[in-house]
Structure formats: C-alpha cells, structure tokens
Amino acid sequence: MTGRDSDPDLVRTLRELGRAAVPVPEASRAEYQRERVTRAIRRALSRVETARSPSRRALVWLSAAGLLLAVGGAGALAAHRLFGSTAAVEAKATSAVAARSVYGTVTIESAGVPRHALVGDVFRGGEVVTTGLESRLSVAIESGSAALGASGELEFVPPTASERRVRLGAGTVEVDLPVKLDAGRHLVVETPDVDVVVVGTAFSVGVERSSGTVATEVSVRRGTVWIMQRGKQRAVLTAGQTWRTPLATAATTTVAPVDEPVARPARVAAETTRAQEGTLAEENRLFQVGLSARNAGDALAAADAFGLLLGRFPRSVLAEQALAERFRALERAGRTSGAVAAARRYLAAYPRGFARVDAERIAQGSLGER
Amino acid sequence: MSVSQPIRAVATRLRVIDGGADPNAAGPSDEELVEAVQRGDTTIASLLYDRLLGAVDHALYRVFGRREHDHDDLVQAAFEQIVLTLSRRSYARACSLQTWASTIATHVAFNALRARRRERRVFDRDPSNASESEPVSAADLERAAGARADLERVRSSLVQMKPERAETVFLHDVLGHDLAEIALLTRVSVSAAQSRLVRGRRELRHRLLREVSP
C-alpha cells in the first residue's frame with residue numbers, strides 16, 4: 001500500500017517523533033491552564049446554546065438570500081436605468097469605514113461639530129479624527145484595518161470608484177490589508193508631502209512636524225507600497241524597508257537601503273538603538289520571570305513582571321504576549337480595573353490579536369463569570 | 001466447601017484501588033459528551049477538558065517538540081475549535097473523541113507554526129527559553145543532540161510542505177492513526193488519504209535531502 005514509496009529511515013524518524021516522551025507539566029501550571037481553558041470551553045458552549053438549529057439557520061439564510069436577490073435585482077435595475085452601469089461600481093467603492101475600537105480620548109469632527117468617537121461610528125468621508133495622548137482608534141477599512149496612534153490626526157476623504165483616501169496630518173497610522181483590493185482600486189494614505197499608494201499590504205505611515213517643517217516615514221511589513229510625490233513615483237518599498245523624507249527639507253527624498261537604519265523621531269530612535277544593542281536576552285528574561293511567577297500562582301508578581309517588560313521594551317516582539325499575560329494575571333489577582341485597562345490596551349494595540357476573545361470579555365466587564 | 005476456601009483467600013488479597021480503569025468508565029461516554037456539547041451544556045466543560053487534554057496536549061507537544069510559552073493559548077484554541085466542530089456536527093462518530101481531538105490539535109499547531117513562519121519573527125526559541133524540553137541524559141548528550149536536530153529538521157520540513165500532505169504524514173507516521181481513520185478525519189476517500197501520505201513522504205524526503213546537500 002504505502003510501502004512502495006516509503007523510506008524506512010524516514011518512517012523510523014517520524015515514528016520516533018511520535019514516541020518521544022511527553023513530560024508531565026508542573027502542577028501549578030496545569031492548574032492555571034485547567035482553570036483558563038475550562039472557562040474558555042464554557043464560553044464556547046454558551047455560544048452553542050444560543051445558536052440556531054441547522055435547519056432553522058438554513059431557512060433564515062435562504063430567506064435572507066431570496067430577499068437580497070429580490071431587492072438587489074430591483075435596485076440594480078433601477079440604478080442602471082438612472083445612472084448607468086458605473087453606479088454599481090460607485091456603490092461598491094463606498095463601503096463604509098467603521099470604528100472597531102476606541103481607546104482614550106478620540107474626537108471626531110464632522111461638518112465643524114466635534115464629538116467623542118464610539119465603537120461602531122461610521123466614516124463616510126469628510127470626518128477628521130484626532131487622538132489624544134495614550135489614545136488610539138482602530139477602524140475597519142476595506143478588507144482590513146487601520147489604526148491611528150496617539151496624538152494623531154486623520155481625515156477620511158469621500159471614496160471614489162477607484163480610490164479610498166485618508167489624510168494623515170499628524171501621528172502614525174498602521175494599515176493592514178490582508179486581501180488585495182479589487183483590480184483598479186487602491187488605498188492612498190496622504191501626508192503633507194507624499195501619497196502612499198497600496199492595493200493590499202501591511203505598513204505604517206508616520207508624520208512628524210517640527211518648527212514648520214514636515215517629515216513622513218513609511219515602514220512596510222508586508223507586500224509592496226508606492227511612494228508618490230507631486231504625481232511622480234519616488235520610491236517602491238517592499239517588506240522590511242523604511243523610507244522617510246528628511247525633516248528639514250521635505251521636498252527632497254531618499255530611499256533608505258533595507259538594512260541601513262534611517263533617522264527616526266527621538267523616542268523611536270532611542271528604543272531602536274536599545275533594541276539594536278541586544279535587549280532580546282533581557283526581554284526574554286523578564287518574560288520568563290513573569291511566566292515563572294504565573295506558574296507559581298503569584299498573579300500579582302506575574303503582572304508586575306509583564307508590566308515591567310512592557311514599560312521598558314514597548315516595541316518588544318514579546319509585547320503582545322506580555323500584554324495578554326498581564327491582563328490575565330491582573331484578572332486572576334482580582335485587580336478588576338487594572339485588568340480592564342490592560343485588556344482595553346491590548347484590544348487597541350492588537351484588534352485581531354490571539355487573545356482578543358479574552359480581552360473583549362474582560363473589557364466588557366464580565367469578570368468572574370461562572 | 002473446598003471451593004469456597006480459595007475464593008475467600010483471593011478476596012482477602014484483592015482490594016479496590018483508584019485509577020487504572022478506563023477513564024471513560026467513570027464519567028459520561030463520548031456519545032453523551034458530544035450530545036451535551038451540541039446542547040450547549042456548560043456544566044460539562046471540565047469533563048470535556050479532562051477527557052481530551054491528553055490527546056490535545058500530546059499532539060501539540062509532538063508538533064512543537066516542547067511546550068512553548070504560548071502552549072496554553074494553543075490548548076485553548078484547540079478546545080474552542082473542538083467545541084465548534086462538535087456543535088456544528090462535523091464529528092461523524094466514526095473514530096474516538098480523543099482521535100478527533102488530536103487531529104484538531106494537530107491542525108491548530110501546524111497553523112500556528114505556519115503563521116510564525118509568515119510573520120518571520122526572529123524569536124529566541126532556544127531550549128533555555130522553552131518552558132519544558134525533552135529530557136536528555138548526560139551520557140549520550142551528543143547522540144541525543146544529533147537525534148533532536150534530525151527531529152527538528154523533520155518538523156521544519158513538515159511546516160514548509162503542503163498543509164494536507166504534512167498533516168496526513170504527521171497523523172499517520174507520528175500519531176499512528178491508520179489511513180481509514182485519517183480519511184474520515186480529513187473528509188477524503190481512503191485512496192486520497194493514501195495518495196497524500198505517499199506524496200507527503202516523498203516531498204518530505206526530498207526536502208530533507210535538499211537540506212543536507214543544497
């Protein structure tokens with residue numbers, strides 16, 4: 001059967017992989033894991049309880065599909081008669097941008113009227129969003145997300161059939177488009193001196209203002225980004241590359257080599273320098289201290305260690321994990337307000353993070369359930 | 001008369017002790033657990049955890065070769081996935097619940113490994129950073145290190161392969177499931193599972209050879 005192509009050595013190695021002893025986990029760790037996972041199972045089961053039966057769900061879907069078909073067909077026919085076929089494309093392009101998470105002080109100004117941003121707010125174009133210190137706004141945009149960092153200013157421009165545009169006046173916006181936009185469509189992040197054009201990628205754009213001059217910095221995590229200036233292509237960046245306009249002379253631009261560090265704002269530069277000096281060992285050590293405290297059942301010490309790691313190395317590769325561990329530790333320690341704050345911070349920084357379900361539960365104030 | 005004497009003697013030597021019996025015998029059957037999940041009965045959370053933790057934990061451990069810092073997250077993700085698939089009635093009851101759970105955990109683990117590769121996180125995953133590592137005796141440290149390096153190469157190559165092939169090879173050769181079981185678990189015919197296994201082994205062998213002699 002499978003013997004014809006089997007390699008005895010390979011199969012033996014694979015069998016060895018299956019026979020390797022699995023050590024018994026520490027009792028304290030096992031207890032922590034049991035408590036945490038059974039709680040997660042209960043939550044998952046409670047969602048099953050409210051789910052509709054398959055037949056009913058199918059019926060609902062069929063009804064909805066029928067209704068949509070009828071309404072859509074009638075609407076498309078009417079639109080085609082009224083505006084021609086381009087109207088359908090316009091309708092597709094104007095899919096709304098909606099606030100996914102709001103952390104701290106976030107203000108929306110629309111038609112000159114300011115108000116506080118709320119989760120679910122829709123941006124149809126013309127709104128200007130500003131974030132305060134330690135604040136953050138995350139929005140669902142196209143098929144992905146965009147997050148405006150602290151002390152930022154972002155304007156949503158009404159979309160067209162081929163373009164979705166946002167204007168970054170200050171601060172940093174992180175964009176992640178996991179799925180490419182439809183052919184002929186693109187997203188533009190406009191800064192005072194350049195346009196950053198993408199069709200599907202992950203990148204961040206920062207604008208720094210200093211005594212009347214402006215500088216833009218673009219960092220690409222995935223995919224390809226075009227930098228346009230006054231209608232001309234100035235650079236094409238790929239994953240791992242960073243580009244910036246010099247602060248003093250915003251008109252002239254240079255493309256930084258991939259492995260050559262570029263000038264950054266003072267705080268970022270300091271953190272980067274520290275990272276380059278080899279802080280990974282220290283980051284790992286602090287993380288390990290937190291894990292050991294957690295496994296020993298000392299939730300407060302664990303929360304402190306993870307907090308220390310986050311405070312000292314906010315851009316650590318362990319930051320997401322540490323923040324998740326911190327809000328869980330605070331929850332276990334009964335520090336409700338601290339846990340809620342840490343969970344909100346996690347959601348603001350990682351709206352699609354691995355621990356979002358736990359963070360959402362805690363942020364919504366359902367501590368101590370069941 | 002003469003018969004009762006040995007029986008009494010045996011009875012005095014035997015006593016009931018805990019453990020050793022089929023763990024399922026003490027609680028509800030797999031069937032009852034599945035029905036409870038489909039009803040959304042939250043009271044069986046602990047029972048489900050206790051019943052399936054071994055299968056989930058072992059599958060994750062075998063994929064990664066150790067319990068890493070996010071092991072608890074993966075265990076949680078596997079259990080959430082198990083509840084989801086059971087509630088959607090994807091479990092056909094053709095294999096044991098433990099086998100089903102180990103398949104789901106394997107899938108979760110491979111997905112996590114691929115995600116890490118995609119993210120290209122340069123992360124210090126040396127043994128000292130791992131929470132627990134395989135025990136190695138001091139006497140044959142060198143041989144054990146060589147064997148472990150081989151296993152790491154196999155793991156690394158499996159992650160780079162087509163997901164369905166890698167998982168079939170893993171389920172068959174590492175976890176020891178038979179082809180009919182794998183076919184049921186992965187919802188393909190037995191011949192398709194066999195084809196994946198053969199092609200998977202061949203691809204794995206080629207990758208390993210290429211790694212040795214680039």
Side-chain angles (χ1 to χ4, degrees), chain A residues 1-2 4-7 9-26 29-30 32-34 36-51 54 221-222 239-240 280-281 283-284 287-288 291-292 295 317-318 321 324-325 328 354-355 357-358 370, chain B residues 36-42 44-46 48-50 53 57-58 61-62 65 67 69-73 75-77 79-80 82-84 86-89 120-124 129 131-135 147 150-151 154-155 169-170 172-176 179 194 197-199 201-202 204-205 208:
Chain A
M1 181 170 75
T2 57
R4 193 182 48 193
D5 266 288
S6 69
D7 175 342
D9 286 341
L10 177 65
V11 173
R12 203 177 306 121
T13 308
L14 288 165
R15 295 253 187 276
E16 207 172 306
L17 206 62
R19 277 198 300 268
V22 179
V24 178
E26 294 166 31
R29 178 178 177 153
Y32 164 81
Q33 180 186 279
R34 188 176 200 282
R36 180 183 147 184
V37 177
T38 49
R39 202 187 312 143
I41 295 172
R42 275 198 294 273
R43 278 199 306 276
L45 286 168
S46 65
R47 285 197 291 270
V48 173
E49 204 168 20
T50 56
R221 284 191 286 126
R222 192 183 65 241
L280 191 58
E283 292 169 36
N284 280 333
F287 192 76
Q288 202 58 47
L291 285 184
S292 302
N295 294 341
V317 290
L318 293 166
Q321 190 78 25
E325 290 293 348
R328 284 168 179 157
F354 69 90
V357 176
D358 276 359
R370 298 175 198 275
Chain B
V37 169
Q38 288 170 352
R39 283 198 309 273
D41 182 354
T42 55
I44 52 98
S46 303
L48 190 71
Y49 176 83
D50 293 338
L53 177 67
D57 184 57
H58 284 212
Y61 189 91
R62 300 218 184 284
R67 290 191 185 92
H69 60 83
D70 57 353
H71 184 79
D72 294 345
D73 293 322
V75 171
Q76 181 176 329
F79 270 100
E80 285 169 344
I82 288 166
V83 171
L84 191 69
L86 292 180
S87 67
R88 285 180 180 168
R89 293 165 166 79
R120 293 169 189 271
R121 279 188 176 174
V122 184
F123 192 74
D124 184 13
N129 191 35
S131 301
E132 289 163 24
S133 55
E134 292 168 24
D150 286 345
L151 297 182
V154 169
R155 283 195 185 94
V169 169
F170 193 86
H172 187 274
D173 289 344
V174 178
L175 295 188
L179 276 176
Q194 184 184 340
L197 178 64
V198 171
R199 286 162 194 255
R201 281 176 176 167
R202 196 184 303 153
L204 179 58
R205 191 169 56 239
L208 289 169

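Contact of Leu53(B) with chain A is made through the side chain alone, with heavy-atom distances under 4.5 Å. Heavy atoms closer than 4.5 Å to chain B are found in the side chain of Arg328(A), but not in its backbone. Looking at Val154(B), only its side chain comes within 4.5 Å of chain A, counting heavy atoms on both sides.
By the side-chain contact (heavy atoms from CB on, under 4.5 Å) test, Arg34(A) is found to be paired with Thr38(A), Ser46(B), Tyr49(B), Asp50(B), residues two or more places apart in sequence or in another chain being considered. For His71(B), the side-chain contact (heavy atoms from CB on, under 4.5 Å) criterion is met by Arg29(A), Gln33(A), Asp57(B), Leu60(B), Arg67(B), Val75(B), not counting sequence neighbours.
Rounded to the nearest 0.5 Å, atoms CD (Gln321(A)) and CG (Leu291(A)) are 7.5 Å apart.
Counting heavy-atom pairs closer than 4.5 Å to chain A, the top residue among Leu175(B), Val169(B), Leu204(B), Leu48(B) is Leu204(B).
More than 12 heavy atoms of other residues, nucleotides or ligands lie within 6.0 Å of CZ in Arg36(A), so this atom counts as buried by the packing criterion.
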